[in-house]
Amino acid sequence: MLYPRMTEKRQKKPLDGVWMFQLDPNGKGAEEGWPAQGIPSPIHMPVPSSFNDITTSEEIRDFLGDVWYETFTYVPSEWMTERIMLRFGAVAHHAKVWVNGHLVVESHNGFLPFEADVTPFVNEEKMNRIVVKVNNELSWDMLPPGEVMEEVIEDGEVKKTLHQQHDFFNYAGIHRSVFLYTTPQTFIHSLKVGTDFNGKSGRVAVESGSHPSAFVHYSLKNHQGEVIAEGKGTKTDLQVPEAEAWSPEHPYLYKLDVYLKDEEGATLDHYYLNVGIRKIEVKNQQLWLNGSPIYLKGFGKHEDAVLRGKGYDPVTNLRDMYLMKETGANSFRTAHYPYAEEVLQSADELGFLVIDETSAVGLLSQGVPATGNLEPVFSNGKISSRLKEYHLDTLQRLIERDRNHPSVIMWSLSNEASTMEPEAEFYYKTLVEVVRKLDDRPIMNVNLMLIEPEKCVVSKLVDIIGLNVYFGWYSTPGDLKAGTADLRNYLDRWAKTHDQPIVITEYGVDTVPGLHKVPSVMFSEEFQVQFLERYHDVFDEFAEVIGEQVWNFADFMTKQDTVRVDGNKKGVFTRDRQPKMAQYTLQKRWKSPLREGK
Ligand code: GCB
């Protein structure tokens with residue numbers, strides 16, 4: 001699904017701002033006519049944002065069930081000859097949308113965009129009513145999986161409790177921008193761009209989907225606006241003899257204009273994409289960018305911020321990007337779900353290598369902290385064929401959405417699944433086959449530290465192994481000597497049993513900003529620094545380790561729990577994006593040349 005853009009032939013109008021909002025604890029809104037008549041007793045609610053932290057109400061913060069949003073808009077009369085689309089960047093987790101009382105689209109994926117052709121339903125003269133019902137309940141038929149338990153309490157009231165598998169607050173609402181946009185009646189449906197770079201020249205392979213009777217023209221332009229390559233047809237290769245390769249240090253983007261023409265050569269539709277020419281490969285147990293090995297330095301992140309929760313906002317996004325650059329990071333992982341498209345656009349423009357992850361987090365028997373025994377989930381039917389279908393659908397839609405971003409260098413199938421069960425092998429085999437058919441980027445799967453390398457049935461299927469390691473924190477708490485010995489031993493076992501390179505996708509400790517202790521203790525800033533330093537020494541002993549991403553970039557909100565103090569405090573930055581001492585430790589390491597090839 002193409003990101004909405006204003007072009008020579010397309011218009012767009014953001015519907016972001018203040019919408020009306022109401023809880024519907026009894027789920028009666030549809031019956032009572034809210035889709036057509038509007039919501040009866042609304043309060044104000046910003047869009048995009050999570051609804052949880054905006055008001056002072058505990059009921060709203062912890063609400064489970066249906067909530068309703070409503071807004072009004074005019075549609076300009078000059079749009080009436082066009083195809084009019086209503087598009088949501090993401091709504092968590094389930095949504096039903098009505099325009100002037102007509103149901104136009106339903107979505108059951110909280111982290112991917114969806115849209116509807118609303119041309120037949122909009123009015124030219126009157127205001128148009130848009131109503132959205134959002135539900136934030138999790139189940140084992142979706143990602144991330146979870147369960148809502150219902151219990152009747154004293155006064156007959158039903159109390160709902162969420163059992164979630166993942167370590168982040170179940171924020172909900174209209175989380176990303178909402179757009180009305182137009183396309184011409186004959187339009188460019190899809191675009192797929194793949195690039196290659198051989199040290200000097202580059203190749204841009206383009207494929208487009210549109211009406212068969214139309215003709216497609218491509219024109220690739222440099223920063224000066226000069227056309228450097230042109231092509232025609234549904235599928236073509238554009239050659240760039242002297243290409244500027246895209247990399248984190250030099251995120252050079254060409255502009256690809258795509259024109260759809262009729263037989264007389266008149267332009268029917270126009271769209272454009274930013275294209276970074278780069279080549280990414282895994283060979284000789286290394287990750288290669290543009291013909292040289294590259295070591296990933298960076299963070300596992302979250303979409304999480306004070307007040308707005310998981311709502312996208314450009315302020316937090318750019319602040320994060322600048323902080324990561326300043327720390328010397330060249331990469332991040334979209335833990336634990338697909339991020340807003342605008343985040344990937346910034347990564348293309350500012351230069352970050354992105355591990356793009358699905359929302360498959362917690363396909364195992366327990367939540368946090370992830371220690372103890374793993375009970376089966378694949379072999380006992382807890383992970384059903386419906387969940388697998390959902391996972392496959394997410395993966396396909398993620399690839400279709402993100403494949404044209406030069407910043408996206410690999411796909412992460414899941415975070416911390418129960419991958420020692422024999423039944424997991426077939427499940428993941430299907431996922432891998434689907435990805436290989438759609439795209440040639442490397443595939444990663446991220447492992448919990450309880451996964452034993454000798455018993456993991458999934459790692460052999462992927463190109464890069466992701467490891468989340470917390471020895472000295474969740475195991476031997478506070479004992480870094482034992483922790484680093486366990487880490488060394490664990491990495492050694494992975495290196496001996498698998499041929500693929502390893503990225504340390506998580507390592508870190510909860511740290512209360514301003515808590516100082518000598519000698520260090522858990523939760524102090526000194527302990528975070530020492531933990532990172534000791535871990536780095538061990539990583540440097542292993543040629544197989546081709547990247548390190550600290551958990552987490554910033555402190556983030558979780559559910560209330562005995563192991564969390566107002567959220568997870570493993571951030572190198574606070575939740576309001578100021579540094580802890582560890583930022584300096586990372587900056588020193590990441591901004592200086594590491595050992596050869598790193
Ligand atoms: C993990 C999870 C991550 C948690 C983290 C922690 O392994 O992947 O979602 O937040 O540990 O801090 O416990």
Side-chain angles (χ1 to χ4, degrees), residues 111 138 143-146 163-171 298-304 309-310 332-339 355-372 374 377 412-420 444-452 456 458 465-478 483 486-487 490 494 502-512 522-523 527-528 531-532 535 547-575 580 582:
F111 302 96
L138 302 177
L143 296 172
H163 290 256
Q164 60 176 67
Q165 302 293 113
H166 51 273
D167 184 31
F168 51 92
F169 191 84
N170 184 42
Y171 279 118
F299 300 95
K301 284 189 96 262
H302 259 302
E303 289 189 314
D304 174 275
K310 290 204 173 311
F332 63 90
R333 175 168 64 119
T334 72
H336 294 307
Y337 36 79
Y339 286 7
I355 301 177
D356 205 356
E357 186 156 282
T358 71
S359 40
V361 49
L363 300 183
L364 37 64
S365 57
Q366 53 184 327
V368 177
T371 48
L374 284 175
V377 285
S412 164
L413 302 176
S414 65
N415 181 75
E416 300 190 341
S418 177
T419 51
M420 292 192 292
M444 164 184 273
N445 193 51
V446 176
N447 293 288
L448 172 75
M449 72 189 218
L450 294 179
I451 298 297
E452 298 181 41
C456 179
V458 168
I465 295 170
L467 297 182
N468 296 347
V469 280
Y470 294 96
F471 302 101
W473 183 259
Y474 288 129
S475 63
T476 65
D486 289 345
L487 171 70
Y490 190 59
W494 275 100
I502 295 168
V503 173
I504 307 297
T505 32
E506 288 184 25
Y507 65 112
V509 292
D510 288 79
T511 306
V512 177
M522 292 173 83
F523 297 98
F527 190 81
Q528 189 179 33
F531 178 94
L532 296 179
Y535 264 54
E548 56 197 47
Q549 294 187 330
V550 179
W551 190 256
N552 187 284
F553 167 75
D555 294 347
F556 58 92
M557 194 43 67
T558 62
K559 67 170 187 184
Q560 300 190 55
D561 204 335
T562 48
V563 292
R564 297 288 176 251
V565 187
D566 186 31
N568 187 310
K569 292 272 182 284
K570 293 196 184 68
V572 169
F573 294 90
T574 59
R575 203 170 180 223
K580 299 181 189 171

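Residue indices begin at 1 and follow the sequence shown. Numbering of ligands and ligand atoms starts at 1, following listing order.
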Which atoms from ligand 1 have a heavy atom of [X] less than 4.0 Å away?
X: N568; result: 6 (C), 10 (O), 12 (O)
X: E416; result: 1 (C), 2 (C), 7 (O), 8 (O)
X: N415; result: 8 (O)
X: Y474; result: 6 (C), 12 (O), 13 (O)
X: N468; result: 7 (O), 8 (O)
X: R564; result: 6 (C), 12 (O), 13 (O)

How about [X] and [Y]: does a side-chain donor come under 3.5 Å of a side-chain acceptor?
X: N568; Y: D167; answer: yes
X: Y337; Y: K310; answer: yes
X: T574; Y: D555; answer: no

> Heavy atom under 4.0 Å from ligand 1: found in F556's side chain, backbone, both, or neither?
Replying inline: side chain

> Is it the side chain, the backbone, both or neither of H336 that has a heavy atom closer than 4.0 Å to ligand 1?
Replying inline: side chain

> V446 and E357: which non-hydrogen atoms are nearest, and at how many Å?
Replying inline: CG2-OE1, 3.8 Å

>> Please find the pair of heavy atoms, one from R333 and one from E506, that lie closest to each other, and give the distance.
In response: NH2-OE2, 2.8 Å

>> Among V563, L448, D167, V361, which one puts a heavy atom closest to atom 10 (O) of ligand 1?
In response: D167

> Does any non-hydrogen side-chain atom of T511 lie less than 4.5 Å from one of F531?
Replying inline: no

> Taking only residues two or more places apart in sequence, or in another chain, which ones meet M522 in a side chain to side chain contact (heavy atoms under 4.5 Å, CB included)?
Replying inline: W473, P477, F527

